[in-house]
Chemist: 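Before anything else, here's the structure in question.
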Amino acid sequence: MKLVAAAKVRRAQEAVINGRPFAETLVEVLYDINEQLQLEDIDLPLTNVRPVKRVGLIVITGNRGLCGGFNNLVIKKAEARMGQLEKLGVEYTVISVGKKANAYFRRRPSIRVDRFIEGGSFPTVKEAQVIADDVFSLFVCEDVDKVELVYTKFVSLVRSDPVIHTLLPLSPKGEVLDVNGNSVDADGDEFFRLTTKEGKLSLERERVVRRKDGLCSPILQFEQDPVQILDAMMPLYLNSQILRALQESMASEVASRMNAMSNATDNAVELKKNLSIVYNRERQAKITGEILEIIAGAEALTDID
Amino acid sequence: MTLNLCVLTPNRIVWDSEVKEIILSTNSGQIGVLPNHAPIATAVDIGILRIRLNGQWLTMALMGGFARIGNNKITILVNDAEKGSDIDPQEAQQILELAEANLRKAEGKRQIIEANLALRRARTRVEAINAIS
């Protein structure tokens with residue numbers, strides 16, 4: 001199972017790498033457009049900052065078990081956040097992604113769940129689209145005022161952390177603010193990259209370096225109102241954020257599974273060794289016992305003579 | 001001079017090669033792009049992208065996004081894109097019927113918005129197979 005999980009880590013890595021041209025171009029264009037629109041007042045539905053009465057929490061877990069503490073950590077983080085929100089007097093709604101989260105929330109009818117989404121074995125754009133559509137309609141209809149994403153960030157092959165990122169409202173610069181109000185700017189957006197260094201899987205995080213090349217000529221005309229164009233781009237950004245969260249989650253899940261299985265295998269090997277030793281000792285003890293009986297019996301017989 | 005067209009979706013590069021001409025559906029109507037087009041940026045609606053190369057037209061269904069045209073290089077960023085030849089007609093028709101049924105059942109602002117989007121996507125896919133002109 002460890003080898004199977006290792007193969008899946010490769011696939012997760014490839015998926016992320018394939019998604020990079022899209023995300024990079026998007027960030028570039030977003031930045032360029034924003035530069036040209038700096039002076040204008042933009043008012044887009046997805047950037048509406050409203051007083052927060054209800055928060056939507058997207059909880060991303062996996063479909064299968066045998067992955068150590070992966071699913072539980074995410075769910076615990078979500079529960080902690082729900083506790084925080086309750087204390088602040090803010091209501092919440094959950095969008096649960098993944099069989100494990102679905103099972104958990106189904107057992108707790110007291111928590112209001114908006115939708116249960118079950119993913120396939122690998123995150124696809126269509127899944128991200130489903131979640132994005134749901135979130136989009138929730139936000140635009142003012143059912144929720146803020147949307148947060150609870151997923152596991154892939155730190156390294158042996159470590160992954162559940163994190164909470166604010167997805168909506170988007171700040172007009174495409175910034176996503178952390179729960180503490182720290183901005184994870186599009187400039188400093190991180191892309192994680194699994195590579196093979198010296199034959200071993202390792203992790204590189206790189207920050208997006210803003211490239212100012214002449215690809216986008218400064219006299220770019222807008223076919224439609226710039227507002228309309230930004231309007232079209234925000235859902236794309238939303239989609240790619242959600243997809244990336246799904247992919248990171250998947251990679252973390254697979255890495256946890258790899259570790260859990262590796263530990264299980266080691267434990268099983270040790271258990272087998274111990275059991276073998278105990279078994280052999282018993283066997284030898286029994287044989288020794290039988291030999292002693294036979295010898296004693298033989299001794300006894302010769303004595304009578 | 002040929003145009004270089006790049007169609008990107010969040011998880012893969014759908015198209016990355018040279019074409020002679022494209023016709024793109026935007027929010028404000030269809031636009032045709034020939035070599036040496038002026039640089040513009042436009043939003044792309046859920047609709048069909050037609051590509052001409054070697055005297056033949058290819059269709060691709062695009063699910064909304066954004067396009068940037070400049071210096072004979074077109075970059076289209078969309079949520080999802082499917083080549084007309086890759087879509088199964090039966091399946092697309094079924095999905096269209098399902099979407100229509102969903103729209104009729106939909107209640108409430110939210111469901112109607114979602115159902116509408118799904119219907120437009122399904123319709124685009126069906127059109128992409130048919131419109132090979």
Side-chain angles (χ1 to χ4, degrees), chain A residues 14-26 28-30 32-33 36 114 122-126 128-130 132-134 136-138 140-143 214-244 247, chain B residues 4 6-16 24-31 33 37-47 62-82 95 106 108-121 125:
Chain A
E14 276 163 23
V16 172
I17 291 182
N18 285 340
R20 288 179 84 213
F22 184 88
E24 283 174 4
T25 321
L26 192 61
E28 228 180 273
V29 175
L30 202 61
D32 285 333
I33 293 189
Q36 299 196 13
D114 189 71
F122 216 75
T124 59
V125 181
K126 291 211 167 62
Q129 183 88 61
V130 168
D133 282 346
D134 202 35
F136 182 80
S137 50
L138 272 178
V140 168
C141 302
E142 308 203 1
D143 265 349
L215 204 74
C216 183
S217 49
I219 9 159
L220 202 69
Q221 254 188 320
F222 294 117
E223 179 76 14
Q224 294 101 18
D225 204 22
V227 174
Q228 265 197 328
I229 296 186
L230 272 182
D231 217 2
M233 291 195 62
M234 292 307 190
L236 280 185
Y237 194 66
L238 193 68
N239 235 1
S240 71
Q241 289 282 89
I242 293 180
L243 186 67
R244 230 181 71 201
Q247 285 170 340
Chain B
N4 194 311
C6 216
V7 180
L8 301 176
T9 62
N11 63 350
R12 67 192 173 113
I13 305 179
V14 179
W15 185 283
D16 188 9
L24 188 60
S25 293
T26 71
N27 289 344
S28 49
Q30 295 201 334
I31 61 172
V33 180
H37 197 285
I40 64 168
T42 166
V44 170
D45 207 9
I46 299 177
L62 298 179
M63 304 304 169
F66 173 84
R68 186 173 71 179
I69 302 165
N71 287 343
N72 282 329
K73 184 165 170 32
I74 310 175
T75 314
I76 305 186
L77 299 168
V78 281
N79 282 328
D80 198 9
E82 281 176 270
I95 297 184
K109 206 168 158 198
R110 259 192 71 198
Q111 289 199 358
I112 294 185
I113 295 180
E114 283 174 19
N116 263 323
L117 280 177
L119 181 64
R120 285 174 70 199
R121 284 193 207 112
R125 289 182 83 226

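Treat the numbers as computed from the prediction; the structure is a model and nothing was measured. So you know, we letter chains A, B, ... as the sequences are listed, proteins then strands, and number each from 1.
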Chemist: Minimum heavy-atom separation for A:L236 to B:V78, with atom names?
Modeler: CD2-C, 3.7 Å

Chemist: With chain A, which of B:A38, B:A118, B:A67, B:S28 has the greatest number of heavy-atom pairs at distances under 4.5 Å?
Modeler: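 Answer, by heavy-atom pair count under 4.5 Å with chain A: B:S28.
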
Chemist: Going from CG on B:N79 to CD on A:Q129, what distance comes out if it is rounded to the nearest 0.5 angstrom?
Modeler: 4.5 Å

Chemist: Heavy-atom distance under 4.5 Å to chain A: side chain of B:T9, backbone, both or neither?
Modeler: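 The answer is the backbone of B:T9.
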
Chemist: For the interface with chain A, which of B:I31, B:L77, B:I113 has the highest count of heavy-atom pairs at distances below 4.5 Å?
Modeler: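 Sorted descending by pairs with chain A, the first entry is B:L77.
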
Chemist: How many angstroms lie between atom SG of A:C141 and atom CD1 of B:I112, to the nearest 0.5 angstrom?
Modeler: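 Reported to 0.5 Å precision, the distance equals 10.0 Å.
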
Chemist: Pick one of side chain, backbone, both or neither for A:D133, based on which atoms fall under 4.5 Å of a heavy atom in chain B.
Modeler: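 Both backbone and side chain of A:D133 come within 4.5 Å of chain B.
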
Chemist: Would you give the length of the straight line joining atom CZ of A:F22 to atom OG1 of B:T75, rounded to the nearest 0.5 angstrom?
Modeler: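 One finds 11.5 Å between CZ of A:F22 and OG1 of B:T75.
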
Chemist: Is it the backbone or the side chain of A:D143 that comes under 4.5 Å from a heavy atom of chain B, or both, or neither?
Modeler: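 Just its side chain gets close to chain B.
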
